[in-house]
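Because the structure is predicted, anything quoted here is derived from the model rather than measured. All values below come from the heavy atoms of this structure, side chains included, with hydrogens, waters and symmetry mates left out.
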Amino acid sequence: LAVAMSRTGAGVGVLDADITGPSIPRMFGIKKKAEMTDLGLYPVKTESGIDVMSINLLLQKDTDPVVWRGPVIAGAVKQFWTDVIWENEDYLFVDMPPGTGDVPLTVFQSLPIDGIVIVTTPQSLVSMVVSKAVRMAQMMNVPVLGIVENLSYFQCPDCGKAYEIYGKSHVQDIADEYHLHVLGRLPIDPRIAEACDEGLVESLNGEWLDKLAQAFSRRVKELDEDDFIRIAVPVDGDNIYPHFGKAEGFRMYNVENGQVVGSVLVDPAGSGHDAIAKFLKMYGVNAVICGGIGEAAVQVLNDSDIWVISGHEGKADDRVAEFLRGELDLGEATCNHDHGDGDEECDGDCRSCGCDCH
């Protein structure tokens with residue numbers, strides 16, 4: 001992708017976030033080390049002008065192992081973003097290790113990611129791993145640009161017939177399940193492996209590469225035009241939980257172009273208005289639909305640029321659907337709960353009664 005987009009004339013960089021298994025410098029044939037100045041750390045440029053930063057550009061020997069624990073690795077990834085002088089980058093590709101561990105979490109939380117590309121292989125077992133990656137992206141409010149299937153097929157150079165050596169492709173099934181786009185299917189080609197081993201990845205050509213670049217560019221354009229928001233609803237099972245501050249779970253709804261494309265139940269793992277606001281902000285929430293909520297909580301959420309639509313009950317799915325159709329009452333919350341003080345009930349505004357249930 002970096003090579004393909006660089007050929008369009010765009011400024012491109014690659015941040016190698018695979019700290020314990022870096023491979024990007026080798027693929028580009030980079031021999032020199034990164035230089036540090038008073039301004040920061042400069043990436044190394046490839047022959048075609050792609051900026052690259054990798055831990056191997058800082059080690060004395062490429063074969064020196066990086067034996068670090070998770071927090072140190074996460075810190076290095078952050079510094080590759082904050083301390084490296086990325087200049088004139090139209091695209092910055094972040095190469096992450098497989099899985100949903102410290103590095104992806106750090107990247108999603110600490111870098112202004114516009115979207116991710118998930119790379120898979122044909123085996124059906126891989127669909128489970130892809131599902132985890134997709135759900136993590138949904139939880140972190142990171143759009144999935146699409147899926148690329150690697151090792152898809154081998155095309156015989158003699159007869160031209162394509163053989164699916166690793167079995168029938170399941171990439172379209174996965175894409176359909178999660179409403180994703182298939183950006184491309186990459187072949188098993190010894191020339192690709194040789195180019196990467198010899199540091200000549202910039203010399204690669206092929207119809208598969210052109211198609212991948214076109215599909216990626218199209219999805220980036222669509223992403224720029226998309227209206228993506230995330231709605232959070234405090235829930236008890238399927239229903240809206242009446243007390244915002246005491247909800248044990250929030251259902252997060254991902255909405256693209258006015259349609260719900262997925263939802264996930266998340267434990268806030270905290271208490272108090274500030275903690276919940278930080279939790280919702282971390283997950284990229286734009287709006288909250290809830291029941292009763294106090295003035296202090298509303299203020300904290302508003303300060304985090306989260307729109308509060310209160311005073312609702314019933315099934316969370318139904319209220320979200322009504323909101324997207326423009327049929328949901330956007331008025332403020334009222335409260336008519338008995339707070340245990342005898343005959344009197346709340347006066348209808350929990351912000352004035354001082355109760356602690358919200």
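For the pair His170 (side chain) and Pro122 (backbone), a donor-acceptor distance under 3.5 Å is present. Judged purely by atom type and a 3.5 angstrom limit, Trp86 uses its side chain to pair as donor or acceptor with the backbone of Phe80. Not one N or O on the side chain of His243 forms a donor-acceptor pair closer than 3.5 Å with the backbone of Tyr241. Between the Asp305 side chain and the Asp303 main chain, no donor and acceptor come within less than 3.5 Å of each other. Using a distance-only test at 3.5 Å, with no hydrogens or angles considered, no donor-acceptor pair links the side chain of Lys31 to the main chain of Arg26. The backbone N or O of Ile306 lies less than 3.5 Å from a partner atom in the side chain of Asn302, making a donor-acceptor pair. Counting only distance, with no hydrogens or angles, the side chain of Asn150 and the backbone of Thr121 share no donor-acceptor pair below 3.5 Å. Using a distance-only test at 3.5 Å, with no hydrogens or angles considered, a donor-acceptor pair links the side chain of Thr8 to the main chain of Met5. No donor-acceptor pair closer than 3.5 Å links the side chain of Glu256 to the backbone N or O of Val261. Proximity of a side-chain donor or acceptor of Gln155 to a complementary backbone N or O of Ala162 within less than 3.5 Å is not detected.
Considering only heavy atoms from C-beta on, Val233 stays 4.5 Å or farther from His312 through its side chain. Residues Met252 and Val285 are in side-chain contact: their nearest non-hydrogen atoms beyond the backbone lie under 4.5 Å apart. In this structure the side chain of Ile55 reaches within 4.5 angstrom of the side chain of Val66, judged on heavy atoms. Counting heavy atoms from C-beta on, the side chains of Tyr253 and Ile289 never come closer than 4.5 Å. Between Leu57 and Asp16, every side-chain heavy-atom pair lies at or beyond the 4.5 Å cut-off. In this structure the side chain of Val300 never reaches within 4.5 angstrom of the side chain of Ile276, judged on heavy atoms. Side-chain contact between Val182 and Glu149 is absent, with no heavy atoms from C-beta onward closer than 4.5 Å. Contact check for Ile30 versus Thr46: side-chain heavy atoms found under the 4.5 Å cut-off.
Below 30°, between 30° and 60°, or above 60°: for Phe244 and Phe250 the angle between ring planes is above 60°, a perpendicular geometry.
Cluster annotation: Val3 and Trp208 are assigned to the same hydrophobic cluster (Ile/Leu/Val/Met/Phe/Trp/Tyr, side-chain heavy-atom contacts under 4.5 Å, transitive). Leu212 and Leu151 fall into different hydrophobic clusters, where Ile, Leu, Val, Met, Phe, Trp and Tyr side chains are chained together by heavy-atom contacts under 4.5 Å. Tyr153 and Ile147 fall into different hydrophobic clusters, defined by Ile, Leu, Val, Met, Phe, Trp and Tyr side-chain heavy atoms under 4.5 Å apart, directly or through other members. The hydrophobic cluster containing Ile165 does not contain Val148, counting ILVMFWY residues as joined when their side-chain heavy atoms lie under 4.5 angstrom apart, directly or transitively. Clustering ILVMFWY residues whenever any of their side-chain heavy atoms sit less than 4.5 angstrom apart, transitively, puts Val84 in the very cluster that holds Leu15.
Closest heavy-atom contact between Ala316 and Ile240: CA-CG1, 4.1 Å. Minimum interatomic distance between Val308 and Cys290 (heavy atoms only, all atoms of both residues): CG1-SG, 4.1 Å. Annotation for Ile50 and Gly13: closest pair CG2-CA, 4.4 Å, computed over non-hydrogen atoms. Across Ile19 and Ala76, no two heavy atoms sit closer than the pair CD1-CB, 4.2 Å. The two residues Lys281 and Ser304 have their closest heavy-atom pair at NZ-O, 2.9 Å. Considering all non-hydrogen atoms of both residues, Pro43 and Ile85 come closest at CD-O, 3.3 Å.
Ion pairing between Lys45 and Glu87 fails under the 4.0 Å rule for side-chain N and carboxylate O. We find that Arg319 and Asp329 are not joined by a salt bridge, their nearest charged nitrogen and carboxylate oxygen being 4.0 Å or further apart. Electrostatic pairing of Glu222 and Arg219 counts as a salt bridge here, judged by a charged N lying under 4.0 Å from a carboxylate O. Electrostatic pairing of Asp317 and Lys315 does not count as a salt bridge here, judged by no charged N lying under 4.0 Å from a carboxylate O.
Taking the six-membered ring for Trp and the full ring otherwise, Tyr166 and Phe154 have centroids separated by 6.0 Å or more. In summary, the aromatic rings of Phe93 and Phe216 are positioned with their centroids under 6.0 Å apart.
Asp238 CG to Arg251 CZ: the interatomic distance, rounded to the nearest 0.5 Å, is 7.5 Å. Separation of atoms CZ (Phe108) and CD1 (Ile116) is listed at 4.0 Å; rounding is to 0.5 Å. If you take CD on Glu194 and CG on Asp189, they are separated by 8.5 Å, rounding to the nearest 0.5 Å. Atoms CD and CD1, on Glu322 and Ile309 in that order, are 12.0 Å from each other to the nearest 0.5 Å. Distance check: Cys196 SG to Arg191 CZ gives 13.0 Å after rounding to the nearest 0.5 Å. Atom NZ in Lys33 sits 6.0 Å away from atom CG in Asn56 (nearest 0.5 Å).
Dense packing is recorded around CD of Glu164, with more than 12 heavy atoms of other residues, nucleotides or ligands lying under 6.0 Å away. No more than 12 heavy atoms of other residues, nucleotides or ligands shown are found within 6.0 angstrom of CD on Gln60. The number of heavy-atom neighbours closer than 6.0 Å to CZ of Arg69, taken from other residues, nucleotides and ligands shown, is 12 or below. When the shell of 6.0 Å around CD of Gln123 is examined, it contains more than 12 heavy atoms from other residues, nucleotides or ligands.
In this model, no donor atom of one side chain and acceptor atom of the other lie less than 3.5 Å apart for Tyr91 and Ser6. Side-chain contact of Gln172 with Asp176: a donor-acceptor pair under 3.5 Å is present, judged by distance alone.
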(request) Given side chain to side chain contact (heavy atoms under 4.5 Å, CB included), test Tyr178 with Ser131 step by step and report yes or no. (result) CA-CA 8 Å; Tyr178 291 101; Ser131 299; 2.9 Å; yes
(request) For the pair Asp51 and Tyr42, evaluate side chain to side chain contact (heavy atoms under 4.5 Å, CB included) and give the outcome as yes or no after the intermediate values. (result) CA-CA 9 Å; Asp51 291 330; Tyr42 280 89; over 6 Å; no
(request) In sequence, state the C-alpha distance, the side-chain angles, and the governing distance for Val201 and Leu204, and then conclude on side chain to side chain contact (heavy atoms under 4.5 Å, CB included). (result) CA-CA 6 Å; Val201 68; Leu204 284 173; 3.9 Å; yes
(message) Set out, in order, the CA-CA distance, both residues' side-chain angles and the distance that settles side chain to side chain contact (heavy atoms under 4.5 Å, CB included) for Leu209 and Arg7, then state yes or no.
(response) CA-CA 11 Å; Leu209 183 59; Arg7 289 176 181 172; 3.6 Å; yes
